Amino acid sequence: MHEPRRWLRRRGKPRWVEPDVRIDLGRVPRDVLDLCERLRGKGKRAWIVGGCVRDLLSGRDAADWDVATDARPPELLKVFPRAIPTGIEHGTITVLGKDHHVEVTTLRGDGAYTDGRRPDSVQFVDDITADLARRDFTVNAIAVDPEDGKIIDPFDGRGDLGRGLLRAVGDPLLRFSEDGLRVLRAARFVATLELALDPATEAAIRPTLDTYRKVAAERVRDEWIKAMKARTPSRAFDVMQRTGILEVTCPELVEGAGMEQNKWHAYDVWRHGMECMDACQADPVLRIAALLHDVGKPRTRAWSDKTQDWTFYDHDRVGAEIAEPIAARLRFSNEDRARIVALVRFHLFHYEASWTDAAVRRWIRRVGPDRLEDLYVLNAADVRAKGRDFEADLESLASLKAHVARVLAEGAALSTRDLKVNGRDLMTELGIAPGRIIGEILDALLDAVTNDPAVNEREALLTLAREILKGA
Ligand code: ATP
Ligand code: MG
């Protein structure tokens with residue numbers, strides 16, 4: 001696949017000659033090839049383009065398939081009457097193949113950009129090279145002819161893939177000022193494709209941040225989530241940090257860069273967050289929580305004369321207060337937001353063998369039984385991300401897990417629903433009217449049962465409830 005270009009010397013000027021590079025069409029799904037064939041049957045041309053070509057050339061599995069064609073939108077709708085007109089005004093429809101959804105787009109060159117995201121108008125063109133020229137990065141601007149597998153690569157995207165380089169098509173300053181999302185895509189691709197950012201492309205990011213500022217928060221969130229699927233998402237966040245992208249979206253995180261920690265840590269606050277996120281190989285939202293878990297540290301850092309070291313008292317509570325508006329700003333769903341904030345809030349714990357069963361039950365209730373698995377993953381990543389002497393912390397985590405499992409196996413009551421009396425019992429047996437007091441008594445009973453599970457018997461609970469009522 002990666003045979004070098006040949007140097008062709010005839011009389012006169014020597015010139016480069018592209019070797020005949022082809023991709024193995026056996027790796028393209030049948031329904032994608034069939035779709036191209038159907039367009040050809042109507043006298044139209046079709047090419048496989050974009051991310052899927054890049055992924056094929058770099059030996060990855062392609063996720064979604066894109067086809068470019070010289071058929072104009074009305075013709076497209078005629079050839080594929082059941083297609084979804086996803087972005088028909090820009091010439092894009094989605095064809096539902098047997099196994100794949102394929103985006104089919106009319107060849108186009110973009111008009112001027114004034115909103116920083118979308119071209120004001122699109123001009124349909126007949127030349128695949130003109131269509132490739134509007135694409136963001138050279139590695140994304142390669143087309144494949146589905147008839148013979150030949151690649152069309154006017155910007156040497158294949159060469160850049162071989163060199164491990166992410167480079168803008170054309171003048172990066174111009175391309176980044178057209179569409180603010182591109183700088184973020186650049187950061188994301190550095191992580192997901194494990195490429196290095198071409199220096200001229202990187203240098204164009206800071207001067208074009210005003211265009212980046214116009215990108216909708218939902219788009220930023222989606223790119224963050226995609227970056228989290230990389231093996232090492234810190235590659236993306238390091239780019240964002242050093243180019244100023246992150247200062248626009250999340251200045252709270254930037255405060256930790258270069259901020260020294262205490263003697264337990266090998267890294268500064270920023271690097272520690274990066275290492276923790278990378279080590280958290282679970283789902284993307286958990287990785288967002290890992291990214292933010294110490295966001296409270298910069299604002300709580302204080303020097304202790306006693307220990308002659310830095311302290312970060314309350315950084316978990318303060319961090320949760322900072323994480324909440326960040327997650328809201330990035331338009332995370334209510335569920336994801338609650339999860340992120342809870343993980344930041346409860347990420348810090350130091351289990352010791354002296355914890356009683358009651359202490360473990362109190363801890364489970366505090367963090368929420370549904371958050372246990374997340375917290376285990378986050379804590380393991382967090383202690384590893386100290387970068388030194390974490391074996392004892394990992395052992396302590398293993399002991400906590402075992403203790404929690406034992407307490408749960410014993411059927412510990414963790415919510416008022418697990419009590420052997422309910423609100424109705426309280427009303428009939430104690431003769432009290434519905435109201436807030438019922439919930440308060442149930443909470444007090446749950447506290448008692450958390451401390452001593454033997455109290456979770458109907459008669460014992462009713463006796464206790466009467467005492468609580470008398471004292472109320
Ligand atoms: P992935 O699907 O892994 O997110 P991709 O490169 O396929 O990556 P898509 O959003 O699916 O990204 O877009 C398909 C192609 O469209 C890209 O490969 C690129 O050629 C072009 N493209 C997408 N977004 C932009 C953009 N903002 N500016 C210029 N070209 C773009
Ligand atoms: Mg894609």
Side-chain angles (χ1 to χ4, degrees), residues 28-29 32 47-69 86-87 90-95 100-113 115-120 122 125 128-144 151-158 160-161 166-195 201 204-205 208 211-212 214-216 218-231 233 236 245 284:
V28 179
V32 177
W47 294 266
I48 302 160
V49 286
C52 50
V53 176
R54 170 201 74 209
D55 291 342
L56 282 181
L57 286 171
S58 53
R60 294 166 196 268
D61 289 331
D64 46 31
W65 296 84
D66 296 298
V67 166
T69 175
T86 348
H90 299 106
T92 303
I93 62 168
T94 304
V95 179
H100 301 87
H101 293 188
V102 186
E103 297 232 309
V104 185
T105 305
T106 304
L107 297 178
R108 58 178 231 226
D110 291 337
Y113 287 72
D115 71 349
R117 254 309 281 142
R118 297 212 168 276
D120 303 340
V122 303
V125 297
I128 180 71
T129 304
D131 181 87
L132 294 174
R134 72 163 170 94
R135 294 172 183 271
D136 48 6
F137 302 104
T138 63
V139 298
N140 287 345
I142 311 173
V144 171
I151 70 164
I152 299 142
D153 182 17
F155 306 102
D156 194 25
R158 190 172 138 272
D160 282 343
L161 271 182
L166 188 74
R167 189 162 57 90
V169 170
D171 174 3
L173 274 172
L174 196 67
R175 306 313 309 287
F176 289 165
S177 3
E178 288 169 350
D179 174 356
L181 189 63
R182 289 177 186 153
V183 295
L184 195 54
R185 281 171 60 89
R188 191 244 297 182
F189 287 131
V190 164
T192 56
L193 306 175
E194 306 194 346
L195 300 176
T201 301
I205 296 182
T208 56
T211 314
Y212 170 65
K214 298 180 190 167
V215 177
E218 289 83 354
R219 302 304 302 266
V220 175
R221 175 204 60 209
D222 291 348
E223 288 298 323
W224 278 35
I225 293 283
K226 285 182 183 173
M228 291 305 179
K229 292 177 184 156
R231 205 162 48 134
I245 294 176

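When a ligand or atom number is given, it counts from 1 through the structure's own listing order. This is a predicted model, so every value here is computed, not measured.
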### Query
At distances under 2.8 Å, what protein N, O or S atoms surround the Mg ion (ligand 2)?
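You should have found Asp64 OD1.
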### Separation of Thr138 OG1 from Leu166 CG (nearest 0.5 Å)
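These two atoms lie 7.0 Å from each other.
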### Message
So, regarding Gly51 and ligand 1 (criterion: nitrogen or oxygen to nitrogen or oxygen, under 3.5 Å), is there a contact or not?
### Response
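Yes, since at least one N or O of Gly51 sits under 3.5 Å from an N or O of ligand 1.
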### Query
Below 3.5 angstrom, do we get any N/O pair linking Arg135 and ligand 1?
yes
Using a strict cut-off of 4.0 Å, indicate which atoms of ligand 1 neighbour a heavy atom of [X].
X      : result
Asn140 : 6 (O), 18 (O), 19 (C), 20 (O)
Gly50  : 18 (O)
Phe189 : 6 (O), 8 (O)
Asp66  : 14 (C)

### All side-chain contact (heavy atoms from CB on, under 4.5 Å) counterparts of Asp115, not counting sequence neighbours
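If we apply the side-chain contact (heavy atoms from CB on, under 4.5 Å) test to Asp115, skipping adjacent residues, the hits are Arg117, Arg118.
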### Task
List for me each residue that meets side-chain contact (heavy atoms from CB on, under 4.5 Å) alongside Asp64, sequence neighbours excluded, and say none if there are none.
Asp66
If you have a sec, work out which protein heavy atom is nearest [atom] and how many Å separate them, to one decimal?
atom                    : result
atom 3 (O) of ligand 1  : Arg54 NH2, 3.4 Å
atom 28 (N) of ligand 1 : Arg182 NE, 2.8 Å
atom 22 (N) of ligand 1 : Arg185 NH2, 3.6 Å
atom 30 (N) of ligand 1 : Asp136 N, 3.2 Å

### Query
Heavy-atom contacts under 4.0 Å between Asp179 and ligand 1: side chain, backbone, both, or neither?
side chain
Side chains of [X] and [Y]: does their closest heavy-atom pair fall under 4.5 Å?
X      : Y      : value
Leu107 : Trp47  : yes
Phe155 : Leu132 : yes
Val53  : Asp153 : no
Asp55  : Leu193 : yes

### Task
Taking all heavy atoms of Leu184 and all of Ile245, pick out the closest pair and write down the distance.
CD1-CG2, 4.0 Å
### Message
If I compare all heavy atoms of Asp131 with all of Thr106, which pair ends up nearest, and what's the gap?
### Response
OD1-O, 4.2 Å
#### Entry: Ionic contact status for Arg167 with Asp160, cut-off 4.0 Å
yes
### Summary
Heavy-atom proximity to atom 11 (O) of ligand 1 ranks first, among Ile142, Asp110, Asp64, for Asp64
### Query
Should one rank Arg118, Arg188, Glu223 by closest heavy-atom distance to atom 1 (P) of ligand 1, which comes out on top?
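Heavy atom nearest to atom 1 (P) of ligand 1 belongs to Arg188.
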### Query
Closer than 4.0 angstrom: is that true for some heavy atom of Glu103 and an atom of ligand 1?
no
### Arg175 heavy atom under 4.0 Å from ligand 1
no
### Summary
Residues pairing under side-chain hydrogen bond (donor to acceptor under 3.5 Å, both in side chains) where one sits in residues 180-192, two or more places apart or in two chains, turn out to be Tyr113-Arg182, Asp136-Arg185, Glu178-Arg182, Arg188-Glu223
### Query
Taking atom types as modelled and ignoring hydrogens, do the side chains of Thr86 and Thr94 form a donor-acceptor contact shorter than 3.5 angstrom?
yes
### Query
Any chance CG of Asp61 has more than 12 other-residue heavy atoms, nucleotides or ligands included, within less than 6.0 Å?
no
